[in-house]
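Only heavy atoms go into these numbers, but all of them, side chains included; no hydrogens, no water, no symmetry mates. We number each residue from 1, following the sequence as shown.
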Amino acid sequence: MSEFEGRRRSRRVGCREMFAAYLIAFTSPAAAIAAAAPAAVWQPSPGHVQVPIWPGTPPDFVRDPRPESGASTHVSRPTMTVYAPKGRNTGVAVVVFPGGGYQVLAMDLEGTEICDWLTSRGITCVLLKYRVPNSGPTMLQGVRYYPKVQTAVQDAQRTLRLVRQQAAQLHVDPHKIGVIGFSAGGHLVAAVSTRFAQRTYSPVDAADALSCRPDFAIAVYPGHLWVHEDEDRATRKDEDLSLRPDIRVRADTPPTFLLQAQNDPVDNVRQSLAYYVALQKAGVPTELHLYAQGGHAFGLRPTNLPIGRWPQLVEQWLHTIGMLGRP
């Protein structure tokens with residue numbers, strides 16, 4: 001058994017923090033804040049330092065008068081934290097987008113635990129703490145809300161550029177930098193995969209002259225992609241699997257891996273299906289895995305369900321698309 005697998009089996013997932021995060025994202029603000037308030041502000045483990053991704057005030061900055069909490073709510077100053085690979089360095093880097101409905105960030109379940117897995121496979125991991133709340137498509141008091149400016153996309157694009165700029169320092173190949181995201185983070189994966197030619201903020205330094213296109217993309221139980229049945233039918237196409245208009249797939253969208261459970265109670269499986277159909281129409285190399293059971297927000301939690309083997313599928317896929325060498 002590998003060191004990572006041993007940690008995975010013995011790990012006690014912070015269920016209270018995870019529940020609080022998704023409660024904030026999908027229920028009333030009062031109940032959510034009450035659930036998350038006692039937790040301490042998230043900090044990376046010893047030996048890791050989170051650094052601001054913007055040299056000054058972030059673009060379209062909105063100061064939240066409420067302090068950041070342990071569930072990573074009210075994040076006004078986005079940061080990134082680099083986790084170096086353990087053992088052999090493959091030269092591959094992955095930027096991680098935790099989920100949380102664009103209201104909070106599940107920094108452990110869909111952040112540090114993902115980095116533990118990636119670094120154990122020789123992959124440099126960059127964990128992004130992007131701005132929340134309301135920094136992307138979300139639910140506000142039971143109504144779907146789409147902000148005019150998706151500041152989470154700005155943060156994600158900036159981070160990809162910074163990783164490319166620092167490729168030599170981080171010992172990564174600038175042509176092997178990908179993204180992985182969960183739930184709302186899955187939407188963020190699709191957003192940066194399809195909007196890299198669109199400037200979402202004014203350049204602030206030399207890093208912003210570099211490409212923010214991911215070289216590969218992994219979206220796990222993504223949300224906010226499919227045009228839902230309760231939305232304006234005028235925005236829908238004739239078929240049922242229409243994408244939200246803010247996601248416009250291009251022929252040069254990076255190779256994409258999609259995974260979701262059919263019994264997901266939070267994000268309907270049509271989220272992945274709609275994106276898959278659009279990717280296929282555009283001729284983008286795509287791999288889709290759907291499972292009967294698994295629910296939502298399973299991350300790397302131990303399970304006897306087949307969906308629990310998804311990390312091995314991702315690793316195999318990275319080999320097939322040439323990001324990783326021979327096993």
Side-chain angles (χ1 to χ4, degrees), residues 2-4 7 42-56 58 75 77-98 105 107-108 110-131 152-182 185 188-189 191-193 196 201 203-218 254-255 257 300 311 314-315 317-319 321-327:
S2 69
E3 178 187 357
F4 165 71
R7 288 198 306 271
W42 178 86
Q43 293 291 336
S45 57
H48 302 97
V49 179
Q50 55 178 329
V51 297
I53 63 172
W54 302 100
V75 177
R77 302 283 183 176
T79 67
M80 70 178 197
T81 305
V82 177
Y83 294 78
K86 298 180 177 73
R88 182 176 67 95
N89 185 349
T90 63
V92 177
V94 175
V95 180
V96 180
F97 305 145
L105 298 174
M107 294 297 289
D108 295 330
E110 296 162 355
T112 56
E113 295 176 15
I114 304 304
C115 292
D116 283 346
W117 158 52
L118 293 171
T119 56
S120 74
R121 297 304 189 257
I123 297 173
T124 297
C125 183
V126 180
L127 177 54
L128 174 61
K129 185 169 73 174
Y130 54 89
R131 281 174 281 180
V153 174
Q154 295 176 336
D155 295 344
Q157 290 185 336
R158 170 71 177 173
T159 302
L160 281 160
R161 289 178 170 126
L162 288 173
V163 175
R164 277 212 168 84
Q165 184 188 51
Q166 300 172 20
Q169 176 185 340
L170 297 175
H171 306 289
V172 303
D173 186 332
H175 304 294
K176 292 186 176 182
I177 300 172
V179 292
I180 184 171
F182 303 81
L188 192 50
V189 163
V192 297
S193 295
F196 51 85
Y201 61 89
V204 297
D205 56 27
D208 291 324
L210 301 176
S211 171
C212 63
R213 177 188 180 273
D215 294 302
F216 59 90
I218 303 161
F257 181 102
L300 290 169
V314 168
E315 292 171 31
W317 176 73
L318 289 174
H319 286 291
I321 64 172
M323 289 294 120
L324 292 177
R326 293 182 178 180

Undergrad: State which residues pass disulfide bond (SG atoms under 2.5 Å apart) with C212; sequence neighbours excluded, sorted by chain then number.
TA: none
Undergrad: With sequence neighbours excluded, tell me which residues meet ring pair (Phe, Tyr, Trp, His ring centres under 6.0 Å) with Y201.
TA: W54
Undergrad: Would L160 and V95 satisfy side chain to side chain contact (heavy atoms under 4.5 Å, CB included), going step by step from the backbone distance to the final call?
TA: CA-CA 7 Å; L160 281 160; V95 180; 4.0 Å; yes
Undergrad: So which heavy atom on P254 is nearest to which on S193, and how close?
TA: CD-O, 3.4 Å
Undergrad: Give me the atom names and distance for the closest heavy-atom approach of E315 to H319.
TA: O-CD2, 3.0 Å
Undergrad: Show me the side-chain donor-acceptor pairs of residues 163-177 shorter than 3.5 Å, one per line, residues at least two apart or across chains.
TA:
{"residue": "R164", "atom": "NE", "partner": "P174", "partner atom": "O", "Å": "2.9"}
{"residue": "R164", "atom": "NH1", "partner": "S211", "partner atom": "O", "Å": "3.0"}
{"residue": "R164", "atom": "NH1", "partner": "R213", "partner atom": "O", "Å": "3.0"}
{"residue": "R164", "atom": "NH2", "partner": "R213", "partner atom": "O", "Å": "2.8"}
{"residue": "R164", "atom": "NH2", "partner": "D215", "partner atom": "OD2", "Å": "2.9"}
{"residue": "D173", "atom": "OD1", "partner": "H175", "partner atom": "N", "Å": "2.8"}
{"residue": "K176", "atom": "NZ", "partner": "M323", "partner atom": "O", "Å": "3.3"}

Undergrad: Could you walk me through whether I218 and V189 satisfy the side chain to side chain contact (heavy atoms under 4.5 Å, CB included) test, starting with their C-alpha distance in whole Å, then the side-chain angles of each, then the deciding distance to 0.1 Å, before giving a yes or no?
TA: CA-CA 7 Å; I218 303 161; V189 163; over 6 Å; no
Undergrad: Please report the closest heavy-atom contact between P98 and G111, naming both atoms and the distance.
TA: CG-CA, 4.4 Å
Undergrad: I need the minimum non-hydrogen distance between C115 and V96, along with the two atoms involved.
TA: SG-CG2, 4.2 Å
Undergrad: With distance as the sole criterion, is a donor-acceptor pair present between the side chains of K86 and T119 under 3.5 Å?
TA: yes
Undergrad: When you look at I180 and F257, which way does the side chain to side chain contact (heavy atoms under 4.5 Å, CB included) test go after all the steps?
TA: CA-CA 9 Å; I180 184 171; F257 181 102; over 6 Å; no
Undergrad: So, do Q154 and P58 sit near enough that their side-chain heavy atoms are less than 4.5 Å apart?
TA: no
Undergrad: Which distance, rounded to the nearest 0.5 Å, do you find between the CG of L118 and the OG1 of T90?
TA: 9.5 Å
Undergrad: Minimum heavy-atom separation for A207 to L162, with atom names?
TA: CB-CD2, 3.9 Å
Undergrad: Partners of T79 by side chain to side chain donor-acceptor pair (under 3.5 Å), sequence neighbours excluded?
TA: Q50
Undergrad: Quick one: does I114's side chain get under 4.5 Å of L300's, heavy atoms only?
TA: yes
Undergrad: Should I123 and P85 count as side-chain neighbours, where that means a heavy-atom distance under 4.5 Å?
TA: no
Undergrad: Going by the rule ring pair (Phe, Tyr, Trp, His ring centres under 6.0 Å), which residues pair with Y83 if we only count those two or more places apart in sequence or in a different chain?
TA: H48
Undergrad: Do T112 and S45 touch side chain to side chain, with heavy atoms closer than 4.5 Å?
TA: no
Undergrad: Can you find a heavy atom in the side chain of V94 that is under 4.5 Å from one in the side chain of T124?
TA: no
Undergrad: Check whether any side-chain heavy atom of W117 sits under 4.5 Å from a side-chain heavy atom of C125, and report yes or no.
TA: no
Undergrad: Working to the nearest 0.5 Å, report the span between CG of L105 and NZ of K129.
TA: 8.5 Å
Undergrad: So which pairs with a foot in residues 152-161 pass salt bridge (Lys or Arg N to Asp or Glu O under 4.0 Å), sequence neighbours left out?
TA: R131-D155, R158-D205, R158-D208
Undergrad: How long is the straight-line distance from CG of L128 back to CD1 of I53, given to the nearest 0.5 Å?
TA: 5.5 Å
Undergrad: Ignoring hydrogens, what is the shortest heavy-atom contact between A156 and F97? Give both atom names and the distance.
TA: CB-CZ, 3.7 Å
Undergrad: Given side chains that start at C-beta, do those of P52 and P78 come closer than 4.5 Å, heavy atoms only?
TA: no
Undergrad: Would you say that Y130 contacts V75 through its side chain, given a criterion of any heavy-atom pair below 4.5 Å between the two side chains?
TA: no
